[in-house]
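Since the structure comes first, as structure tokens, the remarks are kept for the end.
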Number of protein chains: 2
Amino acid sequence: MHMVMDSSETDALFDKWQPQARKGWLECFLLLVLSHERGYGYQVATQLREALNAELPEGTLYPLLRRMQRDGLVDTEWDTESGSNPRKYYTITPRGRLMLEKMRTEFEHWQKAMDTLEGKP
Amino acid sequence: MHMVMDSSETDALFDKWQPQARKGWLECFLLLVLSHERGYGYQVATQLREALNAELPEGTLYPLLRRMQRDGLVDTEWDTESGSNPRKYYTITPRGRLMLEKMRTEFEHWQKAMDTLEGKP
DNA sequence: ACCATATGCATAGTATAACTAGGTATGCCT
DNA sequence: AGGCATACCTAGTTATACTATGCATATGGT
């Protein structure tokens with residue numbers, strides 16, 4: 001006799017939903033990180049995992065970075081000198097900054113929509 | 001001689017990005033609307049178009065509503081009595097409310113991540 | 001010396017949801 | 001009669017996150 005509202009099922013549903021919800025916004029988060037300082041894949045992954053407190057598989061990250069380069073949002077250069085493995089550094093471009101601004105505006109837009117639909121004045 | 005930063009290209013990129021960014025969140029917005037009062041497709045579409053100030057094609061809306069019903073987030077019933085075309089009313093379920101709560105939490109989570117990465121204390 | 005782990009990059013294939021482009025039908029206005 | 005708003009639906013396309021791999025170098029423990 002309990003009032004447990006079967007959260008195990010919604011958990012499964014939520015877990016399926018989460019990756020869908022991230023679509024597009026990872027690009028925004030990446031640009032946000034790179035807007036402060038250039039970085040390389042593995043490093044940025046670590047930063048984002050902390051900030052988002054979530055996993056970030058490499059199969060998600062690297063293809064995304066390549067698309068961003070393809071679209072001219074970031075520039076890349078290899079650093080083969082530093083002791084460790086060669087690192088591919090990503091630097092945000094002016095076009096990347098423009099995109100970031102638009103994305104952030106969109107996010108704020110959604111915040112307001114949430115509040116509006118919530119009934120907040 | 002001007003400093004125009006070619007926003008037409010980023011516009012095209014942004015327009016391609018937007019639908020990806022909406023993935024998952026439309027479900028959240030829909031649940032939010034239905035959490036106050038039951039509604040039917042066409043009506044809710046109008047509400048959301050206003051609140052989001054964006055288009056919401058029917059080819060997006062109706063399949064989404066069906067998925068939500070399939071997943072037990074909403075219940076449905078036909079209203080064939082009222083004068084106009086038959087309307088399919090959607091009512092949020094307890095499970096739907098649970099999902100909505102989790103989604104909103106996730107959104108707040110992202111807000112904090114944005115601020116953190118932005119450098120806000 | 002050896003092996004596990006961490007670092008660092010990459011891709012092929014799968015799943016999912018938003019969208020495009022169509023379809024059906026009723027009621028209202030001129 | 002014709003056009004428009006209302007009201008629902010679906011087949012097919014596209015883009016992205018993820019799974020499961022693969023490769024290579026550096027580092028730490030025994």
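FYI, side chains are in, hydrogens and waters are out, and symmetry mates aren't considered; it's all heavy atoms of this structure. Chain A is the first sequence line, chain B the second, and so forth, proteins listed ahead of strands; every chain is numbered from 1.
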Exercise. In whole angstrom, what separates Leu64(A)'s CG from dT19(D)'s C1'?
Worked result: 17 Å

Problem set entry | Rounded distance in Å - CG (Leu26(B)) to C1' (dT16(C)) | 14 Å

For this session: Output the single nucleotide from dC8(D), dT10(D), dA18(C) whose closest atom is nearest the side chain of Glu58(B).
Result: dC8(D)

Exercise. Looking at Lys16(B), does any N or O in its side chain come under 4.0 Å of the phosphate oxygens OP1/OP2 on dT14(D)?
Worked result: no

For this session: Look at all strands and tell whether Lys23(A) reaches a base, only sugar-phosphate, or nothing, counting heavy atoms closer than 4.0 Å.
Result: base

Exercise. Given dC18(D), dA17(C), dA7(D), which nucleotide is nearest the side-chain atoms of Arg67(B)?
Worked result: dA17(C)

Problem set entry | 5'-most by nearest nucleotide on DNA chain C - Gly59(A) or Gly59(B) | Gly59(A)

Exercise. Rounded to whole angstroms, how far apart are OH on Tyr62(B) and P on dC19(C)?
Worked result: 15 Å

Problem set entry | Near-ring test Trp78(A)/Tyr89(A), centroid separation under 6.0 angstrom | no

For this session: Scan Phe29(A) against the nucleic acid and name what it touches under 4.0 Å (heavy atoms): base, sugar-phosphate only, or nothing.
Result: nothing

Exercise. If each of Lys88(A) and Glu55(B) is mapped to the nucleotide of DNA chain C with the nearest heavy atom, which maps nearer the 5' terminus, i.e. the 5' end?
Worked result: Lys88(A)

Exercise. Counting only heavy atoms not in Glu101(A), do more than 12 sit closer than 6.0 Å to its CD atom?
Worked result: no

Problem set entry | Touch class at under 4.0 angstrom, heavy-atom based, for Pro63(A) against every strand present | base

Exercise. Would you say Arg104(B)'s side chain and Leu32(B)'s backbone share a donor-acceptor pair under 3.5 angstrom?
Worked result: no

Exercise. In whole angstroms, how far is the P atom of dA17(C) from the CH2 atom of Trp25(B)?
Worked result: 14 Å

Exercise. Taking the six-membered ring for Trp, is the centroid-to-centroid distance between Phe107(B) and Phe107(A) below 6.0 Å?
Worked result: yes

For this session: Report the distance from atom CG of Leu30(A) to atom P of dT16(D), rounded to the nearest whole Å.
Result: 13 Å

Problem set entry | Nucleotide dC8(D), atom P - distance to CG of Leu56(B) in whole Å | 13 Å

Exercise. For the pair made of CD in Gln18(A) and C1' in dA17(D), what is the distance, rounded to whole Å?
Worked result: 12 Å

Exercise. Which whole-number value in Å describes the distance from Gln20(B) CD to dA17(D) P?
Worked result: 7 Å

Exercise. Does Asp71(A) or Gln43(B) map to a spot on DNA chain D nearer the 5' end, using the closest nucleotide for each?
Worked result: Gln43(B)

Exercise. Across the strands shown, which category fits Gly41(B) at heavy-atom distances under 4.0 angstrom: base, sugar-phosphate, nothing?
Worked result: sugar-phosphate

For this session: Return no unless some side-chain N or O of Tyr42(B) is found under 4.0 Å from OP1 or OP2 of dT6(D).
Result: yes

Problem set entry | Near-ring test Trp110(B)/Trp110(A), centroid separation under 6.0 angstrom | no

For this session: Verify the contact: side-chain N or O of Tyr40(A) to OP1 or OP2 of dC9(C), cut-off strictly under 4.0 Å; return yes or no.
Result: no

Problem set entry | Residue-phosphate contact under 4.0 Å: Arg66(A) side-chain N/O, dT11(C) OP1/OP2 | yes

Exercise. Under 4.0 Å between a side-chain N or O of Arg87(A) and OP1 or OP2 of dG8(C)?
Worked result: yes

For this session: May I ask you to decide if Lys112(B)'s main-chain N or O and Thr116(B)'s side chain share a donor-acceptor pair within less than 3.5 Å?
Result: yes

Exercise. Taking the side chain of Trp78(B) as its heavy atoms from C-beta onward, which of dG8(C), dA18(C), dC8(D) lies nearest to it?
Worked result: dC8(D)

